[in-house]
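One structure below.
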Amino acid sequence: MRTVTGAELKSVLHFRMLIERMRQTFRAGVEVPMRHHHTVETYGQNDGTLLLMPAWQVNQSIGVKVVTVFPDNGAKDLPAVQGLYLLMDGKTGMPQAVLDGTALTKRRTAAASALAASYLARPDSERLLMVGTGALAPELIEAFATVLPIKHVLVWGRSLEKAKKVASRFHRPKFRIEATADLEGAVRGAQVISCATLAKEPLIRGEWLQPGAHLDLVGGFTPEMREADNDCIRRSRVFVDTREGACTEAGDIVQPMKAGILTDADIAGDLYDLTRGQRAGRRFYDQITLFKSVGTALEDLCAAQLAVEMVIHNDTIR
């Protein structure tokens, strides 16, 4: 059984290739049971979360990801999200590979947001705001720059020093990147805003969004978490990665639905609809679009399959 490390996975999972594979996988579909979501009590300020995410394609592959989310890890200089992925043969059930689940999650999550942006963001979008300074931030910036002509990136975080560290990770990029302490000003000037935080209160206000903006919400994976306010929902054409996940787990969708601000019919579509051409994405230039991602095991299986294929291919070449 092959072990694929985080560094190895990142070296073979190029975003352009992964985004296209993900587009094809959403079109084809896979079996994805609802993920298991368990609260794990801790002695810290915040409880931890255990997530189990299975998926399979008949006669091809079976995969399951085991993930832990411990928000207090930031104070210990550890990632909040950690995990591993087990890929098995779909015909025999034999284990094929164990992959670094944290690296896989970061890569596939950023690819899903970029896939959505390829349908929802204005194709001439040049200004990106990254809200959040965690491990996902550099991945999201790189992914968006793969599908859009990004020329200027701002990074905002509660800590300006952490935002500067994110910006400093990019050496000789094709775009200009810098940190900012002015969230409102940055949102007002951005064409694409991506949020990847553990916020429980909205950070982004709808009144700040300029016409034609695309808002990408990656954090908020529980009903209690929230990154955007109700005005963002009111002003936007709303899309999700999957309806089942977003309508039960994502605070940015669940809370407005409970308040009567958003209904099932108001959700314009998901990644299945977009990739299959069943729903149009952006309908006009000045439209504000919103994409809420909570993650799906389809994305994990797709990324794990591609990573293992590429690793085996590289081994063969050597």
Side-chain angles (χ1 to χ4, degrees), residues 37 45-47 49 69 71-72 74 80-81 109-110 112-113 116-117 120-121 127-137 140-141 144 153-160 162-163 166 179-241 243 245-264 266-268 287-295:
H37 191 290
Q45 182 178 354
N46 298 287
D47 289 337
T49 303
V69 184
D72 293 342
V81 181
T109 300
S113 285
L120 303 177
R127 299 188 301 277
L128 168 68
L129 169 62
M130 183 68 240
V131 178
T133 57
L136 257 175
L140 284 159
I141 294 169
F144 280 113
V153 178
L154 289 177
V155 183
W156 180 91
R158 297 186 191 277
S159 164
L160 182 60
K162 288 185 178 180
V166 172
T180 180
D182 181 8
L183 178 59
E184 179 180 348
V187 172
R188 289 185 182 277
Q191 295 165 316
V192 177
I193 304 103
S194 181
C195 301
T197 72
L198 296 173
K200 293 187 176 179
E201 297 294 333
L203 294 168
I204 309 300
R205 299 191 180 191
E207 64 186 89
W208 299 346
L209 299 173
Q210 66 165 294
H214 172 60
L215 178 58
D216 171 62
L217 304 177
V218 180
F221 56 86
T222 72
E224 295 74 33
M225 300 171 76
R226 194 86 188 264
E227 293 185 302
D229 69 6
N230 288 335
D231 280 342
C232 289
I233 298 295
R234 290 190 184 100
R235 297 190 65 197
S236 301
R237 181 165 163 85
V238 177
F239 288 83
V240 296
D241 51 0
R243 291 178 182 270
C247 292
T248 58
E249 299 179 23
D252 283 291
I253 300 297
V254 172
Q255 292 184 35
M257 290 182 78
K258 285 184 177 178
I261 295 165
L262 183 71
T263 67
D264 284 331
D266 293 326
I267 298 176
Q287 186 172 49
I288 296 173
T289 55
L290 183 153
F291 175 68
K292 177 57 198 148
S293 167
V294 291

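All of these numbers come straight from a predicted model, not from anything done at the bench.
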Closest non-hydrogen atom pair, D241 against G295: OD2-N, 2.7 Å
Nearest atoms (heavy-atom pairs only) where Q210 meets R127: NE2-NH2, 3.5 Å
Residue pair L215, C195: steps toward the side-chain contact (heavy atoms from CB on, under 4.5 Å) verdict: CA-CA 8 Å; L215 178 58; C195 301; 4.3 Å; yes
Verdict with reasoning, H37 to T49, per side-chain contact (heavy atoms from CB on, under 4.5 Å): CA-CA 7 Å; H37 191 290; T49 303; 3.6 Å; yes
Test item: I261 and R234 side chains (from C-beta on) under 4.5 Å apart, heavy atoms: yes
Gap separating the CG atom of L140 from the OG atom of S194, nearest 0.5 angstrom: 4.0 Å
Within-4.5 Å side-chain heavy-atom neighbours: F144 and D216: yes
Heavy-atom donor-acceptor pair, Q255 side chain to P223 backbone, under 3.5 Å: yes
Exceeds 12 heavy-atom contacts within 6.0 angstrom, atom CZ of R188: yes
Non-hydrogen side-chain atoms of V166 and I141 separated by less than 4.5 Å: yes
Taking every non-hydrogen atom, the tightest pair across V294 and G220: CG1-O, 4.3 Å
Value rounded to 0.5 Å, distance of CH2 in W208 from CG in L129: 10.5 Å
Side chains of T197 and V131 in contact at under 4.5 Å (non-hydrogen atoms): yes
Separation of D72 CG from D47 CG (nearest 0.5 Å): 9.0 Å
Side chain D231, main chain R205, donor-acceptor under 3.5 Å: no
Least distance between heavy atoms, D252 atom then I233 atom: O-CD1, 3.5 Å
From CA spacing to verdict: side-chain contact (heavy atoms from CB on, under 4.5 Å), L290, L217: CA-CA 8 Å; L290 183 153; L217 304 177; 4.1 Å; yes
Nearest-0.5 Å distance, CZ of residue R226 to NZ of residue K200: 15.0 Å
Heavy-atom check, side chain of S159 versus side chain of T133, under 4.5 Å: no
Side chain to side chain, V187 and L209, heavy atoms closer than 4.5 Å: yes
Main-chain N/O of P202 paired with D229 side-chain donor or acceptor, under 3.5 Å: no
Close side-chain approach of K292 to C247, heavy-atom, < 4.5 Å: no
Nearest-0.5 Å distance, CZ of residue R237 to CG of residue D266: 11.0 Å
Smallest separation among heavy atoms of I193 and A190, with atom names: CG1-CB, 3.8 Å
Minimal non-hydrogen separation, V240 against F291, with atom names: C-CE1, 3.4 Å
Any W156 side-chain heavy atom under 4.5 Å of D182 side chain: no
Criterion side-chain contact (heavy atoms from CB on, under 4.5 Å) on M225 and L198, from CA distance to verdict: CA-CA 7 Å; M225 300 171 76; L198 296 173; 3.7 Å; yes
